[in-house]
Enquirer: 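For reference, the structure I am asking about is given below.
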Amino acid sequence: MVPSNGDTAGPSSSQDDPAATMKKRNRPQYHPFTQQQLPACKPILAPQTVVEVVYQYETSCIPGYMLDNEVAYIQNPSIDKTCTRILKVPKDMKHPIYIYYQLDKFYQNHRRYVKSRNDKQLINPKEANNTQYCKPEATEHGSPVVPCGLVAWSLFNDTYSFARGNKELRVHKRGISWRSEREHIFGKQVFPRNFQKGALIGGGTLDPGIPLSEQEDLIVWMRTAALPTFRKLYGRIQVDLRAGELITVTMQNNYNTYSFGGKKALVLSTAGVLGGKNSFLGRGYVIVGLACLLLALLLTMLCLVFPLKEEHLALQYPLPRPAR
Amino acid sequence: MRGDRDSNLGPSGHRQTTACTRPALRHQSAPKIHFCLKIKAQEIHVGDVVWLHENDEIPCDLVLIGTSDPQGICYVETAALDGETDLKTRIIPPISANLSVEQLGKVKGVVECPNPDNDIRRFDANMRLFLPIIDNEKCPLTINNTLLQSCYLRYTEWACGVAVYTGNETKSGMSRGAAEPKLTAADAIIDKLTIAIFMFQIVVVLVLGYFGNAWKYTEGLKQWYLMYPVEGEAPWYDFSIIPLRFELLCSIMIPISIKVTLDLAKGVYAKFIDWDEQMFDWETNTPAHSANTAISEDLGQVEYILSDKTGTLTENKMILKRCCISDTSYGNDNGDQLNDVRLVNAISSNDPDVIKFLLVMALCNTVVPIKSNDDTVSYKAQSQDEEALVNAAANLNMMLISKDSSTAEICFNGSKFRYELLDILEFTSDRKRMSVVVKEGQTGKILLLSKGADEALLPRACPGQQIQRYLEAAEMYSQLGLRTLCLGWRDLKESEYKEWSKNFQEASCSLDNREFKIAEVCHSLERDLHILGVTAIEDRLQDGVPETIKLLRNAGINVWMLTGDKQNTAIQIGLLCNLITSGPGFESRSPRIAQAGVRLATDTLPQTPHRAGALCTGGKTEEDILRSLERALLIMKNTSETKDLAFVLDGWALEIILKHSKESFTRLAMLSKTGICCRMTPLQKAQLVAILKSAGYLTLAIGDGGNDVRMIQEANIGVGISGREGLQAARAADYSIGKFKFLKRLILIHGRYSYNRTAFISQYSFYKSLLICFIQIMFAFLSGLSGTSLFNSISLMAYNVFYTSLPVMTIIFDKDISETTVMQYPQILLHSQAGRLLNPATFCGWFGRSLYHALVVFFITISAYSDEKSEMQELSMVALSGCIWLQAFVVTMDTNSFTYPQILLIWGNFVAFYMINLILSAIPSLQLYTIMFRLCSQPSYWISMALTVAVGMGPVVAFRYFKNLYQPSAINILKQIEQSNGSIQTSGNLESARAKLTNLLTGSRKIRDSNYHPLLSDSAESAR
């Protein structure tokens, strides 16, 4: 139900020529209402389907000889972590197709983690030294880390690229974060400083030349998830995919979920009115409906089998009392 | 109170106070006294000489040493002290009788008096005056020589006394007692529940803390992004961090707002009482007032009402209604005054019997005639009965004009007669009669005029006289609830009088056992009386008293009457005002058998098993009393509940019982629905209240006089009647009303509704904090047991103080069943009395409900907002909205009647929730920024809310429906009756409905009793 604008733009602007003005005086004034050109919804009463491809890759992207030692594999920066797989599109997918990464057993809602950020530093370039709450990822050799804190430090850094046949599918990475965050939470003048320069490298690195407001992966990551299993938007594919098409995915498997045995998955999904694929609400309504039906039947049965007791009837339909 | 005075205590335990010459005057005194000093009452010290003027309130306890009266008497009104409105005479001790006004200021002496106590009937002290007073022997002092604090000086120009007790050590100060802050039964339960919740909270915190630490060491250390400090670097208190975080998280489990909400609600209940138009007394122009705003819900749980009689049940206006002279009975049902034509005729025809009768009425008393400026005479009397008799005599042309200690003047049909008052044989409760010996001024004949209770006087009739007629009359009158007195008369021979007079003087002067000796002597004179007739005085019951008592008794409240009055009067009033319901033939017997105690029970009850009776505990000796108590207890046990028996008790018996067998009396008190206690002192009244309170009952004391203050303060609820006896009781009480009849409205309407509302508000407060707390706890399991709060602090705060507190306040307008229905079915009060709406069981219901709702909200939220939608702030807002939606429906479900403030507040709050959060969502610096706009534009949000409500409320509604249909509570039934009846009068099946209702309710009562009083149920069973 995407609102569609009117087909035509307004008429051309009037000229200053007085004669022309005279001529056009009788022209009806333009208004979307009078011209029947109000913005409109066009609902189609057909079931919307959401197609979803989930590809779990945390084990399949590890070479066989390292399977016993996953952590060492992921922590070794010298090993090339590129991993190419081919996915089959199960059904037609209309654009936009959203690309998510899904993490499991990752506690972004942990109290230590949630708190470990400083929103003032993120928006205001003058507050760069403000690393309150950011410990233990606050300073590096005495100078502040921007953006500071565990949340930014643990930035997800797997990357994906897609190709259909030989032709690359472009991944749109702009506009994956909330606009409000780009404008009011992450500053346009705030540039990363000292990021991932410590002894311990957490996750991804940031280009110090790009302001935080344009580091959309960071912005998405820093919107902490409430549940230990979550998906975050990676990008969008703006072309339709046909059923049966084979998509080549090239992944850089950089992020360490192996220490805590978490899963990683790549998700391609279209979106409906209610968002991604989630059968819960539908099932919930069906169950509640069934329960109501059962209850109604039960009550009918009860009324038939055990009619109301007499004293209740007596109470409900009292006879007029003779005068005293 | 001054500390140094304790050091003055003599070895004998008596204290010495010296009357010093420093005079203290409360007011500007007469000009002739030149050493006056006007000081504040608080500055009076023991030993000061205090000068008082007419109508002054007495500032401290004084020993009278001088008055304006040449006879050395003065009058005081002791209403504030003992509730008796009549005037009392106080007399100067003989030692100081001859002091001149000048000397009074300079007098020196010693008063030896006991330590301060609260006995307002006794003052065993002595006084010795120093030179220049010649008579410096010790002179005994009695209570008659004192002026007690808070009494008023009346009809005496001035009086002067030595301060013996001041401040809080005065008799009235000692018997006042300190008023303790009162806690309602509902509050007590809430406190218990709070403690239970606190325990639960501790357990939750410990368990979660333990598992939190366990998680941290097994899983948390692996989560590299959490950067837990390496082992060894962690501070020593590391293990306690997670439990403490959970403690912070769970601290909302105990709703702090409950106190605020409840106090606010209680304030409104109190205001509703103040505003109640139907409790406004038009006659005295007094509205009801609740001085204590905190205990309204106790009114709905009252189990015992202890009522004063005079002024509370009765109007305290005595009128002579009828009389029986020789063989004629005068007066009839209608007409307030005794204006029977036959009587008027008899008077005008100078019927000798009638005139003698009137003469006794006018003379045989201690009435003081007060002549006002316009020559009309008004009377002040020690007893209201005497006043009524004298007034009636005056109306019948036999007017007492003046009286002093030795002579009295009577005006009969315009001609004056003088009588010399020789002796007064005073009234005592043992003798139950009083007499005067007078000498007729013209003829010199000496007459004995007696009046007294019929059983005290009739046996003393002269042998030849037929007294059957008077017995019948007295019986008839008392059946009508009138107070009867017999009048008698005897001519005395000069010699006989002289001899007797000598004995009398002797007895009066004896130091030990004086009262008994005097009684003996009086006894010897009061014989062979010529009975003149019987008077019947009505102490009119207040408007609506019998109906009110009946209603209250139907409501399952036990009503006891505590009075300072005589036993017979008390029983009669009890009969009149439905306290004792009884068949004919019973009442007449009761006064006579009252003396004999249990015999009444044994021979009345078996014959009239369907009737109620009264058990009298009384007797002469301690053993008698205790035996009759045991007997009464046995009878009480053996009779079933429906035959409500009353017991009658007097102050003396109570004293003995309390000393020897308090336990069996407590048992008796619990078994009997009605009690009549007569001759009670203020302290005893309070003791009775305390006994009932200690047995775990909720008591309400109602009274109007200063003598009730102690009891009012002692009881769980004190109600004062702002009546004739001043405002003392009303001031000390928690509630003051204009008339006794308003009590039914106060209890049944205000009390019941208050209880219902408090029950809901308190449990709801727990529900809502538990709800949000359970969600937090569940979230803990998804956030690595780290103690993360799902909700942000603004939401949490607003949830407690705003979103959930406001809608629940609407319940203060809620009425489950209408006022008329409550009045029609007062039994419903049993429901709240038994604490059916607020107890651990109902609380478990609410606890379960909050757990269920928390599960519903939490699982719907995390399921609907999973995967890519699982964003912290959004999820938290969805969960919070779920709670708000549910609570709006919960309040709506539990509201019985919707008024516009309710609809406005419940749904207005709902709208306000969205408004506030939308506004908060517009502020970039808050975590909530844009969240609410986002959610409101998501269909899945609204769909989730609908699902939450359906799943959360569906089972509750279904459960309610089933319960209402198949196992309705009494309230449900009444609601149905109300619905189907509308305004139509009660149904033909009313009786069956009522019976069912009573069954339902008494069931609850029994359960409660067995729960709370195992002693009682055991004994009741063992007796069966």
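In what follows, every heavy atom counts, from backbone to side chain, and hydrogens, waters and symmetry copies are set aside. What you see is a predicted model; the values in this text were computed from it and never measured. Below, chain A is the first sequence line, B the second, and so on; all start at residue 1.
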Enquirer: Side-chain contact, heavy-atom cut-off 4.5 Å: B:I943 with A:Y285?
Expert: yes
Enquirer: Is there a donor-acceptor contact under 3.5 Å from the side chain of B:E868 to the main chain of A:Y100?
Expert: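 Checking the backbone N and O of A:Y100 against the side chain of B:E868, no donor-acceptor pair under 3.5 Å is found.
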Enquirer: Would you confirm whether the ring centroid of B:W224 sits within less than 6.0 angstrom of the ring centroid of A:Y255?
Expert: yes
Enquirer: Do the side chain of B:Y225 and the main chain of A:W153 share a donor and acceptor less than 3.5 angstrom apart?
Expert: no
Enquirer: Closest approach of B:S786 and A:N109, non-hydrogen atoms and distance?
Expert: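 Taking every non-hydrogen atom into account, OG-O, 4.4 Å.
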Enquirer: If I measure from the heavy atoms of chain B, does A:K115 come under 4.5 Å with its side chain, its backbone, both, or neither?
Expert: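 Contact with chain B is absent: no heavy atom of A:K115 under 4.5 Å.
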Enquirer: Indicate the atoms forming the closest heavy-atom contact of A:V273 with B:P939, along with that distance.
Expert: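 Shortest heavy-atom separation between A:V273 and B:P939 comes out as CG1-CG, 3.4 Å.
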Enquirer: Quick one: what part of B:A780 sits under 4.5 Å from any heavy atom of chain A, side chain, backbone, both or neither?
Expert: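 Answer is neither: B:A780 stays 4.5 Å or more from chain A.
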Enquirer: What residue, out of A:E137, A:Q108, A:E183, A:H184, has the most heavy-atom pairs lying under 4.5 Å from chain B?
Expert: A:H184
Enquirer: In chain order, what residues pass the ring pair (Phe, Tyr, Trp, His ring centres under 6.0 Å) check against B:F246, with sequence neighbours excluded?
Expert: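 B:F246 satisfies ring pair (Phe, Tyr, Trp, His ring centres under 6.0 Å) with no residue once adjacent residues are dropped.
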Enquirer: Quick one: which residues of residues 288-295 of chain A reach chain B at under 4.5 angstrom, heavy atoms only?
Expert: A:V288, A:L295
Enquirer: Of the backbone (N, CA, C, O) and the side chain (C-beta and beyond), which part of A:Y98 lies under 4.5 Å from a heavy atom of chain B, both, or neither?
Expert: neither
Enquirer: So, B:S870 side chain and A:F230 main chain: donor-acceptor pair closer than 3.5 Å or not?
Expert: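 Side chain of B:S870 to backbone of A:F230: no pair is present.
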Enquirer: Do B:K869 side-chain atoms and A:L274 backbone N/O form a donor-acceptor pair below 3.5 Å?
Expert: yes
Enquirer: Give, as side chain, backbone, both or neither, the part of A:I287 having an atom under 4.5 angstrom from any heavy atom of chain B.
Expert: neither
Enquirer: Please examine the side chains of A:N278 and B:S866, heavy atoms only from C-beta on, and report whether any two atoms are closer than 4.5 Å.
Expert: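 With C-beta onward as the side chain, the pair touches.
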Enquirer: Has A:R112 got a side-chain atom pairing as donor or acceptor with B:M227's backbone, closer than 3.5 angstrom?
Expert: yes
Enquirer: Flag the pair B:P924 / A:I185 as yes when at least one side-chain heavy-atom distance between them is below 4.5 Å, and no otherwise.
Expert: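 No. Closest side-chain heavy atoms not under 4.5 Å.
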Enquirer: At a 4.5 Å cut-off on heavy atoms, which part of A:L233 comes close to chain B: side chain, backbone, both, or neither?
Expert: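 Neither; nothing under 4.5 Å.
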Enquirer: Side chains of B:R245 and A:R111: closer than 4.5 Å at any heavy-atom pair?
Expert: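 Yes, at least one pair of side-chain atoms sits under 4.5 Å.
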Enquirer: So, A:Y107 side chain and B:L226 main chain: donor-acceptor pair closer than 3.5 Å or not?
Expert: no
